[in-house]
Amino acid sequence: MLRDATPKTIRLAEYTPPTFTIERVALTFDLDVERTEVEAELLISRVPGTQGPLVLNGDADAEGSGQLLSLTIDGVVPAQTAWSLGGEALTLHAPPDRFTLTTRRRLSPSKNKAFEGLYASGSGLFTQCEAEGFRRITWFLDRPDVMSIYTVTLRADPARFPVLLSNGNPVSQTDEVHEGKPRRVAVWHDPHKKPCYLFAVVAADLKARHDTFTTQSGQHVDLNVWVRPQDLDQTAHCMDSLKKSMRWDETRFGREYDLKVFNLVAVSDFNMGAMENKGLNIFNTKFVLARPDTATDVDFAGIEGVVGHEYFHNWSGNRVTCRDWFQLSLKEGFTVFRDQEFSADVGSRAVKRIEEVRRLRSLQFPEDGGPTAHPVRPDSYVEISNFYTVTIYEKGAEVVRMGLTLLGPEVFRKGTDLYFARHDGQAVTTDDFVACLAEVSGRDFSQFKRWYTQAGTPTVSSSSEWDAAKGTLTLTLSQKVPATPGQPEKLPMLVPVTTALLGPSGARLPLVVDGVQRGDEVVLELTQATQRFVFSGLTQRPVPSILRGFSAPVLLETDDDEAALLFRLAHDDDAFNRVEAGQELFLRHLLASVAQVQVNEAPLAPSKALLDATQTALSSALTPTADPALLALALSVPGLDVLGDRLPWADYSSAFLAREHLIAALAQALTPLLEQVDAHLSKSLDGKPYRFAPDDVGRRSLRNLLVAWRARLDDGEAVVLEHLGRAGSMTDTQAALALLCSSTSPARDQALSTFYATWKAEALMMDKWFALQATSTRPQALDDVMALVKHEAFTLENPNRARSLVAALAMSNPLRFHEASGRGYVFLADQVRAIDAFNPQIAARFLTPLTRWKRQDPPRQAVMKRELQRILDREGCSKDVYELVTKSLA
Ligand code: BES
Ligand code: ZN
């Protein structure tokens with residue numbers, strides 16, 4: 001190995017409280033792209049009863065800049081022996097009990113391509129401090145349990161940086177002349193204590209969409225969405241989402257905003273989606289900018305959800321923050337849960353739930369079953385940036401949701417009220433959160449807490465036994481939690497299993513469970529390895545509908561036969577389970593078909609039952625009570641990722657053949673009906689202005705699904721071109737282009753060059769242009785991607801652009817990424833090695849697909865492991881990449 005030292009593992013068990021607090025922070029920035037000076041004046045006091053030196057974190061940035069210019073203690077230069085400066089720390093050996101430390105430091109933002117700390121993007125300057133970026137700005141106790149009051153002074157050339165923003169409320173802004181140069185000086189003060197990861201600064205030439213909001217207690221808030229001047233016409237939806245979020249948090253959680261201004265800034269170089277800095281949220285442009293002709297329904301929904309998410313952090317994360325980074329899910333899992341509920345309340349709850357579960361299964365379940373599996377509250381990490389995972393976020397949200405399921409909405413709300421009241425202004429743990437749920441409900445949550453400490457996705461199996469003589473149905477539920485790295489032995493979880501019994505017409509039957517009347521839907525609590533629940537008072541064998549609404553993040557195995565699935569697809573009144581039944585029918589067919597393909601037989605034709613069920617479902621789109629969005633979800637043939645997860649190894653090329661064959665067969669068998677439903681949906685869409693509203697979104701998604709089916713017919717290209725021609729929004733345009741992109745027809749190149757010519761000045765549109773090509777299933781897609789890396793519009797340095805091509809191939813095009821030659825793996829490794837030299841966080845994220853090598857066949861495994869090793873062997877390999885590669889090769 002080429003590194004000097006093995007990176008250190010940080011352990012939860014070794015947590016110790018801070019020995020110093022930093023009460024007040026005064027920061028002064030002299031801002032410039034090449035050279036910025038930062039002065040930090042910190043009022044520090046020793047925690048009574050503690051001993052030892054003060055060790056402040058401080059990292060040099062990638063270029064080794066950030067040198068110390070001066071240091072004083074209470075205004076006096078201390079003796080050389082009183083302090084020492086290492087690579088990552090400034091140590092004061094015997095500081096006074098209470099004193100002011102003043103340091104000055106120089107930074108070079110333009111050289112910072114890791115986009116952590118202070119960096120330049122376009123012509124502006126921005127910061128990103130979570131998780132440990134503040135130490136790249138100044139020396140500090142860079143840990144979330146040190147909370148301080150900040151005053152920030154920003155000085156810059158007003159011609160280049162007219163807008164100067166920081167956290168909290170504006171205090172003053174003046175224009176002065178310093179040494180013959182014009183300087184704008186802005187002062188900001190944040191009255192709320194905060195950890196340094198929530199600090200932010202923006203200095204740029206931006207314009208704002210302005211609006212106002214009056215909180216439920218009558219406080220007036222100025223709202224600003226800051227973007228480049230030419231992007232102002234793409235900010236209406238963002239502002240609308242912000243105001244909706246603010247109102248929703250008041251009504252649903254009783255949470256009110258707490259500053260005079262709320263600033264939201266868009267930046268085009270950003271590692272993540274967005275960041276919840278106090279009073280100054282900074283967003284990836286992707287989650288701000290939208291117009292019907294530039295953004296799809298998915299983009300609109302993404303903006304609404306992310307704006308909500310960052311806004312909701314103001315309470316779940318900022319007012320109540322994390323004690324240490326092991327508690328990350330305290331804020332992220334809870335806030336994802338909150339943004340999910342927000343989107344469900346303002347959109348379609350059932351659709352939202354199905355989408356959430358698809359995401360959980362396709363991303364989190366593989367993580368939980370792979371080499372980087374970790375609990376929602378991890379025990380150790382090497383690089384905290386690697387722990388912003390789908391497990392912390394999505395599984396963490398599921399755990400909070402189970403709390404709601406177990407307690408019911410009223411008691412759960414009492415729990416969150418107690419949590420916010422009790423811990424306001426504190427840095428706390430997931431145990432503190434659970435303690436509030438336990439206290440308001442009077443329940444024992446000790447077994448529940450295993451969801452935080454045990455990794456791995458439990459498998460729950462269910463079987464039912466009908467006793468006609470007694471009129472009872474006995475439901476046997478058992479659970480198994482798999483071994484995961486470092487956790488060979490597991491204890492049973494508390495699994496809430498929401499259950500109903502469906503009668504012959506599909507209606508829910510009254511429930512008597514183990515002799516007790518329980519209404520017509522019950523949350524069964526599975527707490528042991530195996531448990532029996534006896535439903536009595538029944539006259540006919542019912543069809544059980546279990547794990548309704550996906551009441552726990554588990555893999556469910558039922559004894560449903562085809563008849564039960566068909567029945568539930570037609571009748572289950574739980575939308576989640578109804579759609580689920582349809583998906584399971586498709587999956588069973590596809591798995592049988594893949595088995596045929598693997599022995600060189602022709603893929604299977606769909607059965608009469610499957611065709612009939614599809615036809616019945618589709619015909620219902622023509623009825624007045626139809627829900628097109630749910631139909632689109634029910635009829636979407638499971639993707640290659642889902643199929644791959646159900647196969648002994650992820651044989652995507654066989655899965656692809658089986659899937660294409662099924663869709664073509666459905667399209668052929670149902671052609672007239674597909675045209676009829678298309679015409680029906682088009683009546684409400686064509687010629688009407690675009691609306692981002694659940695009914696229209698649903699209509700577009702069903703119509704696009706049907707176009708995709710018809711694209712597999714002999715005249716498929718004509719269908720797609722006609723759709724492109726009538727497209728009234730980017731949703732339809734992108735759907736049509738995606739279909740064309742998978743073909744080799746000349747129309748494809750024509751459409752792509754038209755798109756390029758129209759949109760080459762818009763970065764987010766160019767991201768779409770690259771992603772369309774990277775996700776094409778056509779045979780030469782990999783060659784296309786390799787050529788596109790050299791395209792003049794491509795750069796690895798911009799995270800969005802790199803994602804649009806490299807990550808899009810590796811994460812959203814399993815068929816072509818896993819080409820048998822292994823060229824996809826070599827390509828990805830080359831890109832990861834290049835990126836790791838300047839942006840370790842992005843490099844580490846991008847290499848994830850290679851860590852899943854166990855899911856491939858032996859020849860592919862060999863290449864994947866070899867490429868992982870080659871990534872690790874790069875001289876200067878980052879600790880981010882080191883952690884993931886070593887864990888996946890272990
Ligand atoms: N706090 C995070 C942003 C963040 C993550 C900063 C990791 C630094 C390192 C923010 O609240 C967040 O979670 N953003 C998500 C989007 C959200 C809707 C789940 C993101 O950026 O992906
Ligand atoms: Zn978050």
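Nothing here was measured: the structure is a model prediction, and the numbers come from that model. Positions are given from 1, in the same order as the sequence printed here. In each ligand, atom 1 is the first atom listed, and ligand 1 is the first ligand listed.
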Task: ligand 1 to A131 polar contact by distance, N or O atoms, under 3.5 Å - done: no
Task: Q426 atom CD, neighbour heavy-atom count above 12 within 6.0 Å - done: yes
Open item on the list: Side chain, backbone, both or neither: which applies to M272 and ligand 1 if a contact is any heavy-atom pair less than 4.0 Å apart?
Closed with: both
Task: Element-labelled atoms of ligand 1 that are located less than 4.0 Å from some non-hydrogen atom of G273 - done: 20 (C), 21 (O), 22 (O)
Open item on the list: Just to verify, which of D339, D417, D345 counts as forming a salt bridge (Lys or Arg N to Asp or Glu O under 4.0 Å) with R252?
Closed with: D345
Task: Lys/Arg-Asp/Glu bridge criterion (N-O < 4.0 Å) met for R359, E367 - done: no
TODO: Check each heavy atom of S385 against ligand 1 and say whether those closer than 4.0 Å belong to the side chain, the backbone, both or neither.
DONE: neither
Task: Whether Y311 and Y257 hold their rings parallel, tilted or perpendicular, with breakpoints at 30° and 60° - done: tilted
Open item on the list: Give me the residue, atom name and distance of the protein heavy atom closest to atom 7 (C) of ligand 1.
Closed with: Y388 CD2, 3.1 Å
Open item on the list: Side chain or backbone, does Q128 bring an N or O within less than 3.5 Å of an N or O on ligand 1?
Closed with: no
- [ ] Report yes if Y393 has an N/O atom closer than 3.5 Å to an N/O atom of ligand 1; otherwise report no.
- [x] yes
TODO: Check each atom of ligand 1 against the heavy atoms of H313 and keep those under 4.0 Å away; list them by number with element.
DONE: 11 (O)
- [ ] Would you please indicate if the ring centroids of F213 and F262 are separated by under 6.0 Å?
- [x] no
- [ ] Pick out which of K243, R338, K244 makes a salt bridge (Lys or Arg N to Asp or Glu O under 4.0 Å) with D249.
- [x] R338
Task: Full working for side-chain contact (heavy atoms from CB on, under 4.5 Å) between T389 and H374 - done: CA-CA 9 Å; T389 62; H374 54 275; 2.8 Å; yes
Task: Heavy atom of A274, distance to ligand 1 below 4.0 Å - done: yes
Open item on the list: Closer than 4.0 angstrom, basic N to acidic O: yes or no for R135 and E132?
Closed with: yes
Task: Ring centroid separation Y197 to W325 under 6.0 Å - done: yes
Task: Salt bridge flag under 4.0 Å for residues K887 and E883 - done: yes
TODO: Name all pairs fulfilling the ring-ring contact (aromatic ring centres under 6.0 Å, His included) condition that reach into residues 264-287, sequence neighbours left out, sorted by first residue then second.
DONE: none
Task: Heteroatom proximity flag, M275 to ligand 1, N/O under 3.5 Å - done: no
Open item on the list: As an exercise, identify every atom of ligand 1 less than 4.0 angstrom from a heavy atom of K331.
Closed with: 1 (N)
TODO: Let me see the working for I871 and D836 under side-chain contact (heavy atoms from CB on, under 4.5 Å), right down to the final yes or no.
DONE: CA-CA 9 Å; I871 291 171; D836 195 31; 5.8 Å; no
- [ ] Determine whether the aromatic ring centres of W248 and F312 lie less than 6.0 Å apart.
- [x] yes
- [ ] Please identify which atoms of ligand 1 are closer than 4.0 Å to at least one heavy atom of E276.
- [x] 1 (N), 2 (C), 10 (C), 11 (O)
Task: Within reach of ligand 1, part of E130 (heavy-atom separation under 4.0 Å) - done: both
- [ ] Looking only at distances, please establish whether an N/O atom of ligand 1 is found under 3.5 Å from an N/O atom of E310.
- [x] yes
Open item on the list: Inside 2.8 Å of the Zn ion (ligand 2) but strictly below it, how many protein N/O/S atoms are present?
Closed with: 4
